[in-house]
There are 2 protein chains.
Amino acid sequence: MGRWEPNAQARLRQAALDLYSSRGFEATTVAEIAERAGLTERTFFRHFADKREVLFAGSERLQELLVETTAASFDAAGPAGAVAAAFEHAASTYFPEVAFSRQRQDIIDANPPLQERELAKLHRVGEALAQVLRERGVADLSAAVAAESGIAAFKVAFAGWVTDPRDGALINHMRESFRAQRVLLAEPTPAPQI
Amino acid sequence: MGRWEPNAQARLRQAALDLYSSRGFEATTVAEIAERAGLTERTFFRHFADKREVLFAGSERLQELLVETTAASFDAAGPAGAVAAAFEHAASTYFPEVAFSRQRQDIIDANPPLQERELAKLHRVGEALAQVLRERGVADLSAAVAAESGIAAFKVAFAGWVTDPRDGALINHMRESFRAQRVLLAEPTPAPQI
DNA sequence: GCGACGATGTCAGCGACTGTCATAACCGTA
DNA sequence: TACGGTTATGACAGTCGCTGACATCGTCGC
């Protein structure tokens with residue numbers, strides 16, 4: 001396929017991860033990444049849209065997975081239930097080892113530009129899930145709220161998992177997070193006026 | 001204050017908004033903005049951290065407001081209730097006219113980099129609200145979930161408002177969104193296994 | 001008036017990202 | 001085996017966002 005060695009993209013990703021971890025994201029130039037991978041800067045930008053995207057390539061898979069499982073469990077679980085079920089299913093099948101996720105998250109947490117990209121990816125996932133719900137007859141408002149609320153619970157669960165892996169597998173954090181959400185919002189306190 | 005004319009920052013912001021609206025965000029260079037404001041590119045970056053920040057300067061005010069009102073209504077409303085109350089209060093006091101918000105949102109919606117920045121700002125608001133709750137004895141998990149869920153409802157409400165202003169004031173969208181969230185998550189459907 | 005201080009201008013430079021064209025490897029086909 | 005088409009890469013130039021360093025202008029207190 002490539003000109004010389006195979007797996008150009010994988011080599012670029014590995015080189016980027018190494019440098020981001022050691023020198024830091026900002027202090028790493030794309031030229032350095034390319035050089036370490038035995039390629040040129042221009043080639044880097046043919047494989048990744050920008051310097052941040054290296055860390056997020058493959059996230060479409062997660063979105064597809066969530067869309068599929070949400071659609072699959074919608075009839076039985078309803079909007080919010082289907083979204084929760086999808087995230088819990090993904091928690092036990094999609095995510096790599098804690099150690100890897102942790103290393104990746106450390107890089108992201110240390111760099112605002114990367115956090116922005118991560119949030120944007122999650123937001124797109126939310127839009128995709130809302131779309132699934134809408135296609136199944138859920139009203140616009142409810143669909144959006146169910147999807148965004150699912151994202152909210154996921155964010156918290158994932159953050160808790162990488163922060164404190166000794167609490168157990170991601171699936172446990174996920175269940176806890178969704179449960180806490182139900183408990184908190186089930187309280188019959190209509191927001192009072194100020 | 002300034003060297004020549006006053007209100008340098010306001011002039012820069014206005015110039016940026018005009019150009020972003022007419023030519024588009026990408027097609028506008030910082031040099032053009034500065035020139036239109038009668039200043040230099042370097043001065044632009046003394047007033048705004050980057051090209052995107054022009055659209056988000058002042059968002060600290062919203063965060064402060066939300067933090068204050070969440071703290072104020074916590075005792076009476078509890079975690080989720082206080083967050084909801086804060087957003088509903090902000091909805092009726094903070095946000096400018098629909099027309100202005102709409103124009104601004106059009107710019108943001110048309111440019112992924114700006115969406116990223118907006119999501120990042122909202123995320124920081126969520127962190128601040130979670131911090132408020134934690135300081136009042138709410139457990140980490142519950143605090144984070146309550147705050148993030150509030151952000152979720154707010155996002156939906158705001159999007160609905162700027163999309164369909166004929167549905168009424170932002171406060172109405174906000175109440176509807178939080179109500180929908182309570183209804184959706186109150187359904188006694190524990191997420192079933194897949 | 002004079003000196004401290006804050007805001008602006010000027011200049012040089014790095015690095016992310018893009019467009020364009022040339023070139024080297026791969027693939028099927030004759 | 002030679003050939004032509006396709007695809008990935010290299011090479012080069014250029015734009016633009018953004019920063020550091022230093023000079024300069026205006027304002028304010030004395």
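Per chain, numbering begins at 1; letters A, B, ... match sequence-line order. For clarity, every value in this text was computed on a predicted model and none was experimentally measured.
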Inset, instruction - Return the nearest nucleotide to the side chain of B/Thr29; candidates are C/dT10, D/dG17, D/dC12. - result: D/dG17
Legend entry - Whole-Å gap separating C1' (D/dT9) and CD (A/Glu41): 14 Å
Legend entry - Test of ring centre spacing under 6.0 Å for A/Phe178 and A/Phe154: no
Inset, instruction - Start with the C-alpha distance between A/Gln131 and A/Arg134, add both sets of side-chain angles, then the distance that settles side-chain hydrogen bond (donor to acceptor under 3.5 Å, both in side chains), and finish with yes or no. - result: CA-CA 5 Å; A/Gln131 173 68 12; A/Arg134 265 185 255 112; 2.6 Å; yes
Legend entry - Value in whole Å for how far the P atom of D/dC16 lies from CZ of B/Phe45: 12 Å
Inset, instruction - Taking side chain to side chain donor-acceptor pair (under 3.5 Å) as the test, write out the residues that go with B/His123, two or more places apart. - result: none
Legend entry - Separation of D/dT19 C1' from B/Phe48 CZ (nearest whole Å): 18 Å
Legend entry - Spacing of B/Glu35 atom CD relative to C/dT8 atom P, expressed in whole Å: 17 Å
Inset, instruction - Apply the test side chain to side chain contact (heavy atoms under 4.5 Å, CB included) to residues A/Val162 and A/Arg104: give CA-CA distance (whole Å), side-chain angles for both, the deciding distance (0.1 Å), then the verdict. - result: CA-CA 10 Å; A/Val162 289; A/Arg104 195 188 99 110; over 6 Å; no
Inset, instruction - Among C/dA16, D/dT9, D/dC12, find the nucleotide with the atom closest to the side chain of A/Lys51. - result: C/dA16
Inset, instruction - Indicate, yes or no, whether a donor-acceptor pair under 3.5 Å links the base of D/dG17 to the side chain of B/Arg52. - result: no
Legend entry - Separation of atom CZ in A/Phe44 from atom C1' in D/dA8, rounded to whole Å: 17 Å
Inset, instruction - Answer yes or no: side-chain N or O of B/Arg46 and base N or O of C/dG9 forming a donor-acceptor pair under 3.5 Å. - result: yes
Legend entry - Atom-to-atom span, CD1 of A/Ile33 to P of D/dT9 - whole angstrom: 16 Å
Inset, instruction - Among the candidates C/dA16, D/dA11, C/dC17, find the nucleotide nearest to the side-chain atoms of A/Asp50. - result: C/dC17
Legend entry - Separation of D/dT7 C1' from A/Arg42 CZ (nearest whole Å): 15 Å
Legend entry - Gap between atoms CG and P, on A/Leu12 and D/dA8 respectively (whole Å): 14 Å
Inset, instruction - Determine the contact category for B/Ala31: base if any of its heavy atoms lies under 4.0 Å from a base atom, sugar-phosphate if only primed atoms, P, OP1 or OP2 are that close, otherwise nothing. - result: nothing
